[in-house]
Protein chains: 2
Amino acid sequence: MNKSILYKGCLEPIILKLLNENRRMYGYEITQRVKDLTKGELNISEGALYPLLHRLEAEGILEAEMENIGNRVRKYYSLTKDGKKQKSAAMSELQNFIDTLQLLLNPKLA
Amino acid sequence: MNKSILYKGCLEPIILKLLNENRRMYGYEITQRVKDLTKGELNISEGALYPLLHRLEAEGILEAEMENIGNRVRKYYSLTKDGKKQKSAAMSELQNFIDTLQLLLNPKLA
DNA sequence: CAAATATACATAAACAGGTAATACATTGGG
DNA sequence: CCCAATGTATTACCTGTTTATGTATATTTG
């Protein structure tokens, strides 16, 4: 039905991966990067993104620094030391998930 | 966190695929088959499975026939003609989802 | 120059699809 | 004889989304 529901639970590992590769990013930048990387397939909504970033910051997985760009404020996020461990765990979980799906879709190649 | 949440939305296409390959299956059989195929990784809970089977039957995607096995009753499900179309749609959605995830995990191979 | 669009963050309500627990009944093995 | 496995089913709850709304600045376009 609604294919976007498939992405439930994927957002966190995606963000951790992007932050691992890019050192620091701000929210809007993440949405655009993801849209770009997925050729428009995946559009992260703000209602999903910002609460998640706040939660990850509260959990000590991310740390944030504000920066003024003209009259605007940007909030840059980056991985903490804990976040890097968390990132590895999240990535292998996601990889495992994909592998398991592949087992289901194509048992013969297992 | 909870990796099982990743599988949200995957249950329907998985069931349609299994029924497409096996002509007819009953609920418990589906849970065991999935557990088997995924080497114990994915355990479908009854609270997820039965409501979904009922919904798909109500939507005309599946049809059911009861069968007595000794003193027990089994409910076999199979795809309707509509269900076979639905199955194709669901499978390509799931494949697209996996491809998109791969784009995110490994942009260089895209 | 006004209007539309893009940038940028944030929050609340509603929703969907799960989990976990519970229930009930039959069957087979130790 | 009890307990695990088989088999269908329902319910309360949880979680991570979507959708809608709000605020504000910057840039493009007719």
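Since this is a predicted model, take the numbers as computed values, not measurements.
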Task: Nucleotide nearest B/A48 (side chain, heavy atoms from C-beta), chosen from C/dC9, C/dG18, D/dT6 - done: C/dG18
Open item on the list: If the cut-off is 4.0 Å, is B/N71 near the phosphate of C/dT27, judged by side-chain N/O to OP1 or OP2?
Closed with: yes
- [ ] Could you grab the distance from atom CD of A/Q32 to atom CD1 of A/I44, nearest 0.5 Å is fine?
- [x] 10.0 Å
- [ ] Could you tell me whether A/G9 contacts a base, only the sugar-phosphate backbone, or nothing, with contacts defined as non-hydrogen atoms closer than 4.0 Å?
- [x] sugar-phosphate
Open item on the list: Looking at B/Y26, I'd like to know whether one of its side-chain N or O atoms comes within less than 4.0 Å of OP1 or OP2 on D/dG7.
Closed with: yes
TODO: For A/E67 and C/dC9, give me the distance from atom CD to atom C1', rounded to whole Å.
DONE: 15 Å
Open item on the list: Using only atom types and a distance under 3.5 Å, with no angle test, would you say the side chain of B/K17 pairs donor to acceptor with the backbone of A/L105?
Closed with: yes
Open item on the list: Tell me the interatomic distance from B/Q32, atom CD, to D/dG7, atom P, rounded to whole angstroms.
Closed with: 8 Å
Task: Nearest to side-chain heavy atoms of B/Y28, which nucleotide of D/dA5, D/dT18, C/dA8 - done: D/dA5
Open item on the list: Measuring to OP1 and OP2 of D/dA9, would you say a side-chain N or O of B/K75 lies under 4.0 angstrom away?
Closed with: yes
TODO: Select base, sugar-phosphate, or nothing to describe what A/G47 touches, counting heavy atoms under 4.0 Å on all strands.
DONE: base
Open item on the list: Tell me whether B/T80 contacts the main-chain N or O of B/G60 through its side chain, where contact means a donor paired with an acceptor under 3.5 Å.
Closed with: yes
- [ ] May I ask you to evaluate whether B/Y50 reaches the phosphate of D/dT8, defined as a side-chain N or O under 4.0 Å from OP1 or OP2?
- [x] yes
TODO: Pick base, sugar-phosphate or nothing for A/E29, based on heavy-atom distances below 4.0 Å to the nucleic acid.
DONE: nothing
Open item on the list: At less than 4.0 Å, is any side-chain N or O atom of B/S45 found next to OP1 or OP2 of C/dA20? Yes or no.
Closed with: no
TODO: Supply the atom-to-atom distance A/Y28 OH to A/L49 CG, rounded to the nearest 0.5 angstrom.
DONE: 12.0 Å
Open item on the list: It should be established whether B/Y7 places a side-chain nitrogen or oxygen under 4.0 Å from OP1 or OP2 of nucleotide C/dG18.
Closed with: no
TODO: Quick one: label B/L49 by what it contacts on the DNA or RNA (base, sugar-phosphate, nothing), any heavy atom closer than 4.0 Å.
DONE: nothing
Task: Atom-to-atom span, CD1 of B/I14 to P of C/dG17 - whole angstrom - done: 14 Å
Task: Spacing between A/I44 atom CD1 and D/dG16 atom P, to the nearest angstrom - done: 15 Å
- [ ] Give a yes/no on whether any side-chain N or O of B/H54 is located under 4.0 angstrom from OP1 or OP2 of D/dT10.
- [x] yes
Task: Residue among A/E63, A/E67, A/E29 satisfying side chain to side chain donor-acceptor pair (under 3.5 Å) with A/R24 - done: A/E67
TODO: Look at all strands and tell whether A/L52 reaches a base, only sugar-phosphate, or nothing, counting heavy atoms closer than 4.0 Å.
DONE: nothing
- [ ] Measure the distance from CG on B/L62 to P on D/dT8 and round it to the nearest whole Å.
- [x] 14 Å
TODO: Calculate the interatomic distance between B/I5 atom CD1 and C/dT19 atom C1'; express it in whole Å.
DONE: 10 Å
TODO: Specify the separation, in whole Å, of atom CG of A/N43 and atom P of C/dT7.
DONE: 13 Å
- [ ] Grab the CD-P distance between B/E46 and C/dC24 for me, whole Å please.
- [x] 16 Å
- [ ] State the CG-OG1 distance between B/N96 and B/T100, to the nearest 0.5 angstrom.
- [x] 4.5 Å
Task: Base D/dT6 to side chain B/R72, donor-acceptor N/O within 3.5 Å cut-off - done: yes
